[in-house]
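Accompanying notes for the structure given below.
Predicted model only: the values in this text are computed from it and were never measured.
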Amino acid sequence: MLHLTIFLIFGAICVAGAVNLLVQRHPINSALSLIVVMASLAVEYLLLGAEFVAAVQVIIYAGAIMVLFVFVIMLLNAGEEERTKGSRVAMIFGIPGMLVGSGLVAWVLLEHSGTHSVAAGALPGPPKTIAWLLFHEFLLPFEVTSVLVLIAIMGAVVLAGHPDSGGPAKKEG
Amino acid sequence: MVPLSYYLVLSGILFACGVTGFLIKRNIITIFMSIELMLNGVNLSFVAFAANWHALSGQVFVFFVMVVAAAEAAVGLAIIIAVYRTRETLNVDQVNLLKL
């Protein structure tokens, strides 16, 4: 019962943050509500027993990636977004269509997924076990991600680096 | 005991919010944040299925998704900075040429 209550509370916070991301017009407000979503998702991971994933979620997602976003928002001095007029067909058919579609998917999931329920801490994922998996079964993908991150760092440096150092941009940022 | 479907519905709601933001937002940074929201929704269903079927590889996959998201954020934000340098706008409606 307590498990379900905690799940519902943090799920509601999660959905509220996601909706707030859509409603807010200033990007910094959207970024902060995304941090709320990620932090409450970390609690959901803890409820499922995935300790390592919850810690990494807070450190990498809510920490590193969102700091990058907030830095870019401050660097580019992003203001409120201007609303542009969308097509009216999208308003008339899109929103009811989306509601009907998501209601249908939710109904199918709730009705036909059987009576599986997940206990609190159903599958503990401590760092030791995850690390064993990473360095045995998933050794090749793990090494490939290191190459991927290296390429991403070099790409970011080349793209965002000083314009004089060979980039296509002429103007000073 | 929380039914598995609750987790899936929550993850679906997050993914749908991400898709909606991707479509209706006009600021390129917010669009990028919507993509992160979609990745988070997928991660939640990965962890929920891992717990349901007692397969730890699901949690390892979440780790890989996070690495890809981090790399994507680094490169994408660099591209946004490069676009802003030449266009001096963040509105996607005004970025309508493939040329920088």
Side-chain angles (χ1 to χ4, degrees), chain A residues 3-4 7 11 14-15 18-19 21-22 27 30-31 34 37-38 41 44-45 48-50 52-53 56 60-61 64-65 68-69 72-73 76 78 81-82 84 102 105-106 109-110 113 116-119 122-123 125 129-130 133-134 138 141 145 148-149 152-153 155-156 159-160 168-169 171 173, chain B residues 1-10 12-14 16-18 20-21 24-27 29-30 32-34 36-37 40 43-44 47-48 50-52 54-60 62-64 66-75 77-82 84-86 90-91 93 100:
Chain A
H3 184 194
L4 185 63
F7 170 83
C14 212
V15 172
V19 170
L21 189 150
L22 300 181
S30 300
L34 189 55
V37 173
M38 285 163 175
L41 266 182
E44 305 279 357
Y45 294 153
L48 285 162
F52 177 72
V53 174
V56 167
I60 293 187
Y61 255 129
I65 295 183
L68 207 60
F69 271 96
V72 170
I73 291 170
L76 302 186
E81 64 173 351
E82 310 114 51
T84 45
S102 44
V105 169
L109 275 178
L110 290 175
S113 64
H116 295 292
S117 35
V118 184
L123 182 64
T129 326
I130 301 282
L133 269 176
L134 269 180
F138 294 92
T145 53
L148 172 78
V149 169
I153 292 170
L159 280 169
K171 216 175 290 174
Chain B
M1 299 287 275
V2 177
L4 174 67
S5 45
Y6 286 17
Y7 284 106
L8 296 184
V9 167
L10 179 59
I13 290 172
L14 288 183
C17 283
T20 315
I24 67 170
K25 282 295 184 179
R26 281 290 155 263
N27 188 314
I29 299 178
T30 322
F32 213 63
M33 285 193 273
S34 311
E36 299 290 330
L37 189 59
N40 268 290
N43 277 352
L44 180 62
V47 177
N52 190 44
H54 289 274
L56 261 181
S57 3
Q59 296 186 9
V60 179
V62 170
F63 176 76
F64 286 134
M66 280 176 185
V67 172
V68 171
E72 177 215 326
V75 176
L77 288 172
I79 291 175
I80 289 174
I81 291 175
Y84 186 78
R85 264 201 202 125
T86 50
L90 289 172
N91 193 337
D93 287 333
L100 256 184

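In this structure, N43(B) CG and M38(A) CE are separated by 9.5 Å, a value rounded to the nearest 0.5 Å. Rounded to the nearest 0.5 Å, atoms CZ (F69(A)) and CD1 (I29(B)) are 8.0 Å apart. The CG atom of L41(A) lies 5.5 Å from the CG atom of N40(B); values are rounded to the nearest 0.5 Å.
A 6.0 Å sphere centred on CZ of F32(B) holds more than 12 heavy atoms belonging to other residues, nucleotides or ligands.
Both the backbone and the side chain of N27(B) come within contact range of chain A, each with at least one heavy atom under 4.5 Å from a heavy atom of that chain. Heavy atoms of A64(A) lying under 4.5 Å from chain B are absent altogether. F138(A) touches chain B through backbone and side chain together, each having a heavy atom under 4.5 Å away. Of the two parts of V53(A), the backbone and the side chain both hold a non-hydrogen atom closer than 4.5 Å to a non-hydrogen atom of chain B. A55(B) touches chain A through its backbone: at least one of N, CA, C or O sits under 4.5 Å from a heavy atom, while the side chain does not. Residue L14(B) touches chain A through its side chain alone, counting heavy-atom pairs closer than 4.5 Å. When heavy atoms are compared at a cutoff of 4.5 Å, V62(B) approaches chain A solely by way of its side chain, counted from C-beta outward. Residue L44(B) touches chain A through both its backbone and its side chain, counting heavy-atom pairs closer than 4.5 Å. Of the atoms belonging to L90(B), it is side-chain heavy atoms, and not backbone ones, that fall under 4.5 Å from chain A.
Of the residues considered (V56(A), I60(A), I153(A)), V56(A) shows the highest number of contacts with chain B, using heavy-atom pairs under 4.5 Å. Among D93(B), I24(B), V9(B), L77(B), the residue with the largest count of heavy-atom pairs under 4.5 Å with chain A is L77(B). Of the listed residues (L76(A), V37(A), L133(A), L21(A)), the one with the most heavy-atom contacts under 4.5 Å to chain B is L76(A). For the set L48(A), I65(A), L4(A), L159(A), the entry with the most heavy-atom pairs within less than 4.5 Å of chain B is L48(A). Counting heavy-atom pairs closer than 4.5 Å to chain A, the top-ranked of the candidates N52(B), V68(B), I80(B) is N52(B). Residue with the most contacts toward chain A among T30(B), L56(B), N91(B), V75(B): L56(B) (heavy-atom pairs, distance under 4.5 Å).
The side chain to side chain contact (heavy atoms under 4.5 Å, CB included) search around S102(A) returns none, not counting sequence neighbours. Not counting sequence neighbours, A16(B) has no partner by the side chain to side chain contact (heavy atoms under 4.5 Å, CB included) test.
The two residues A71(B) and A152(A) make their nearest non-hydrogen contact at CB-CB, 3.6 Å. Residue G21(B) comes nearest to L22(A) through the heavy atom pair CA-CD2, 3.2 Å, listed as atom of the first residue, atom of the second, then distance. The heavy-atom pair separating M33(B) from S30(A) by the smallest distance is CE-CB, 3.7 Å. Between I81(B) and A160(A), the shortest heavy-atom distance links the atoms CD1-CB, 4.4 Å.
A heavy-atom distance below 4.5 Å is not found between the side chains of Q59(B) and Y45(A).
Classification of the F7(A)-Y7(B) ring pair by plane angle, with boundaries at 30° and 60°, yields perpendicular.
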Residues V60(B), F52(A); criterion side-chain contact (heavy atoms from CB on, under 4.5 Å); working and verdict: CA-CA 10 Å; V60(B) 179; F52(A) 177 72; over 6 Å; no

Verdict with reasoning, F63(B) to I130(A), per side-chain contact (heavy atoms from CB on, under 4.5 Å): CA-CA 9 Å; F63(B) 176 76; I130(A) 301 282; 5.6 Å; no

